[in-house]
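So the structure is just underneath, and the comments pick up after that.
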Amino acid sequence: QVQLVESGGGLVQAGGSLRLSCAASGATFSMLNMGWFRRSPGKEREFVAAIDGSGGSTFYADSAKGRFTISRDNAKNTAYLQMDSLKPEDTAVYYCAADPSWALSVTPTAYDYWGQGTRVTISS
């Protein structure tokens, strides 16, 4: 059973940065595609970014392109989401998710394992 634990959320001013971490256990981490999703108040869960097991392929939502960077350290079993130039509309609970299949996906249902979420609040 894969377990995921996010950390790094908090309150920052608009224009600031945060780095979220997702520590994984219970599986060979390099065989997992990792994704970041978020849920804002009153909205559906939305895709943010994904990275394949090797770290060689990434994919971003339009809202994240140019501001967010997804990465991973397979030696540390950890995925990251570096978020820069944060905006109030980035306020959400951010979740990491793991998908053992071979193809990167933007669809939440493709991910079998989820963390508990970390809250990010951006003040204007």
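The analysis underlying the following values was restricted to heavy atoms, covering all of them including side chains, and did not include hydrogens, waters or symmetry mates.
A donor-acceptor pair is defined here as one N or O able to donate and one able to accept, closer than 3.5 Å; such a pair exists between the side chain of Ser105 and the backbone of Thr107. Judged by distance alone, with hydrogens and angles left aside, the side-chain atoms of Arg38 form no donor-acceptor pair with the main-chain N or O of Val120 at under 3.5 Å. With Thr91 contributing its side chain and Ile122 its backbone, the two residues share a donor-acceptor pair below 3.5 Å. Between the side chain of Asn33 and the backbone N or O of Ala103 there is at least one donor-acceptor pair closer than 3.5 Å. The closest donor-acceptor contact from the side chain of Glu6 to the backbone of Gln116 lies under 3.5 Å.
Contact annotation: the side chain of Tyr80 approaches that of Asp73 to within less than 4.5 Å [non-hydrogen atoms, C-beta and beyond]. Looking only at side-chain heavy atoms (C-beta outward), Ser17 and Gln82 come within less than 4.5 Å of each other. Met83 has its side chain within reach of Leu20: a pair of non-hydrogen atoms, C-beta onward, lies under 4.5 Å apart.
Both Tyr95 and Tyr111 are part of a single hydrophobic cluster, where members link through side-chain heavy atoms under 4.5 Å apart. At a threshold of 4.5 Å between side-chain heavy atoms, the hydrophobic network of Ile, Leu, Val, Met, Phe, Trp and Tyr places Met34 and Tyr94 in one connected group.
Considering CZ of Phe68 and CG of Leu18, their distance stands at 9.0 Å, rounded to 0.5 Å. Note: Thr58 OG1 to Asp52 CG = 8.5 Å, rounded to the nearest 0.5 Å. The OG atom of Ser40 sits 9.5 Å away from the CD atom of Glu89 when rounded to the nearest 0.5 Å. Distance check: Leu11 CG to Arg119 CZ gives 11.5 Å after rounding to the nearest 0.5 Å. Between Tyr113 atom OH and Asp99 atom CG the span is 10.0 Å, to the nearest 0.5 Å. Put simply, CD1 on Ile51 and SG on Cys96 are 12.5 Å apart, with the number rounded to the nearest 0.5 Å.
Taking every heavy atom of both residues into account, Pro100 and Ala98 meet most closely at CD-O, 4.1 Å. The shortest non-hydrogen separation linking Leu104 to Ala50 is CD2-CB, 3.9 Å. Considering all non-hydrogen atoms of both residues, Ala49 and Tyr60 come closest at CB-CD2, 3.6 Å. The shortest heavy-atom contact between Trp114 and Pro108 is CZ2-O, 3.4 Å. Considering every non-hydrogen atom in both Phe47 and Phe37, the closest pair reads CA-CD2, 3.5 Å. Scanning all heavy atoms of the two residues, the minimum distance from Arg67 to Ser85 falls at NH1-O, 3.0 Å.
Between Lys87 and Asp90 there is no salt bridge, since none of the side-chain N atoms of the basic residue sits less than 4.0 Å from a carboxylate O of the acidic one.
Figure legend: cation-pi geometry between Arg72 and Phe29, with NZ or CZ positioned under 6.0 Å from the six-membered ring centre and within 45° of its axis.
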Would you please test Val5 and Gln3 for side-chain contact (heavy atoms from CB on, under 4.5 Å) and show each step? CA-CA 7 Å; Val5 179; Gln3 293 187 327; 5.6 Å; no
